[in-house]
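Naming convention: chains lettered A, B, ... in sequence-line order (proteins, then strands); numbering from 1 in each chain.
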Number of protein chains: 2
Amino acid sequence: MSVSYRRPVEPDKAYRLLNHGPTVLVSAAHEGKRNIMAAAWSMPLDFKPGKVAVVLDKSTWTRILVEASGHFALQVPTVAQAQMVEAVGSSSGKTLNEQEGLDKFAAYGLTLFLGQATEAPLIEGCAAWLECRLYPEPHIQETYDLFLGEILFAQADERVFSNGRWHFEGHDEMRTIHHVAGGHFITAGAAIDATAMPRVR
Amino acid sequence: MSVSYRRPVEPDKAYRLLNHGPTVLVSAAHEGKRNIMAAAWSMPLDFKPGKVAVVLDKSTWTRILVEASGHFALQVPTVAQAQMVEAVGSSSGKTLNEQEGLDKFAAYGLTLFLGQATEAPLIEGCAAWLECRLYPEPHIQETYDLFLGEILFAQADERVFSNGRWHFEGHDEMRTIHHVAGGHFITAGAAIDATAMPRVR
């Protein structure tokens, strides 16, 4: 559906997909297994090469797949996807995969596509997708559940992101969502432009 | 001015001040020197104790003060403060402090108050303030400019944050701001509540 609106994002502007602090989906795949989870805790880490940081709890199956494959994808979901985000964020892929033989993608009827740089499954309808390579940092992974990576390839839906800027006007259903707690989100609102205030002395 | 609206935030809910990804101000003080900068790259890192991560470039004077003092404060600025955020984000405290003898607080006429747990200067009019203790992690500080800390004490303006939730309705000037690039921000918008979508199989 949204395939035709998907456009590559210039590598040195990919950080801007996360700069305003949206909640993301994290997906990974390894040897035929795959999973996806929601993560409110992610941020850019550098401009060029674009780097990201994301917190992945030890209880998550996605984390195991990230560590095994050395790759992951961050995806920026929208208002229209909030119920899906809650669903993949509150269910356990480990249980689905290992005990029931299902995965979240099938369980929730998600439409996937393949990326350019990793095997991590990508979900149609998101506002942006960032495929990343894990920087192995065992100490902070173990101590803080903190995972760092380099952005290998980024895409965005050109209806809401182009030329390095978000422009949600006229696309309220595609606004990014920013988790507070317990299914409660703040959506991306109006844009403002600010110039530096003058010095008073 | 906003003093009377400042209320402590329960320690296990302090992460919610950053959970929706606002741009923050980072301040620090050491041996009579002090500085403040803007940072788009910060996020929560844990619930209890509340922890945070923030990226501080090697060129910043604030970083030197954070490393010297072992403490820092994150502050959540508002729409009304966007020009101030641009100002402290685009000027160099190092120059002001060392070469001109001024600091950004004086240069921009900022009204300060003292926190409860650190010497980091706090700015009136922000929506929230988090005083933190640095977790020394030299490898990631040097390699990724990444700084981690524990939240020691958090406060918020009760007009827009209470009982663990943001509520900006009726206070548009106090909405949080989320940097995209070059003085361009997306403001916190409408709140939504989502329940998990049902499984299709």
Legend entry - side chain to side chain contact (heavy atoms under 4.5 Å, CB included) assessment of B:Y108 paired with A:V200: CA-CA 5 Å; B:Y108 296 111; A:V200 295; 5.7 Å; no
Identify which part of [X] has an atom lying under 4.5 Å from any heavy atom of chain A, answering side chain, backbone, both or neither.
X	value
B:L18	neither
B:P22	neither
B:S90	side chain

Inset, instruction - Name the member of A:A194, A:A40, A:G21 that forms the most heavy-atom pairs with chain B at distances under 4.5 Å. - result: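 The candidate making the most pairs under 4.5 Å is A:A194.
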Inset, instruction - Specify which of A:R16, A:H139, A:R165 makes the most heavy-atom pairs with chain B at under 4.5 Å. - result: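 Looking at each of A:R16, A:H139, A:R165 in turn, A:R165 comes out on top.
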Inset, instruction - Measure the shortest side-chain to side-chain distance between A:Y135 and B:T143 over non-hydrogen atoms and say whether it is less than 4.5 angstrom. - result: no
Inset, instruction - Write down the atom of B:A188, the atom of A:I186, and the distance for their closest heavy-atom approach. - result: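 In terms of heavy atoms, the two residues are closest at CB-CG2, 3.8 Å.
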Inset, instruction - Pick whichever of B:G164, B:G89, B:A87 has the most heavy-atom pairs under 4.5 Å with chain A. - result: B:A87
Legend entry - Portion of A:I192 that has a non-hydrogen atom of chain B nearer than 4.5 angstrom: both
Show me the side-chain donor-acceptor pairs of residues 44-56 of chain A shorter than 3.5 Å, one per line, residues at least two apart or across chains.
none

Inset, instruction - Give a yes or no answer on whether the side chain of B:T187 reaches the backbone of A:A190 with a donor-acceptor pair at less than 3.5 Å. - result: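 Such a contact is found between B:T187 side chain and A:A190 backbone.
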Legend entry - For chain B, which residues of residues 169-185 of chain A have heavy atoms nearer than 4.5 angstrom: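 So the qualifying residues are A:I177, A:H178, A:H179, A:V180, A:A181, A:G182, A:G183, A:H184, A:F185.
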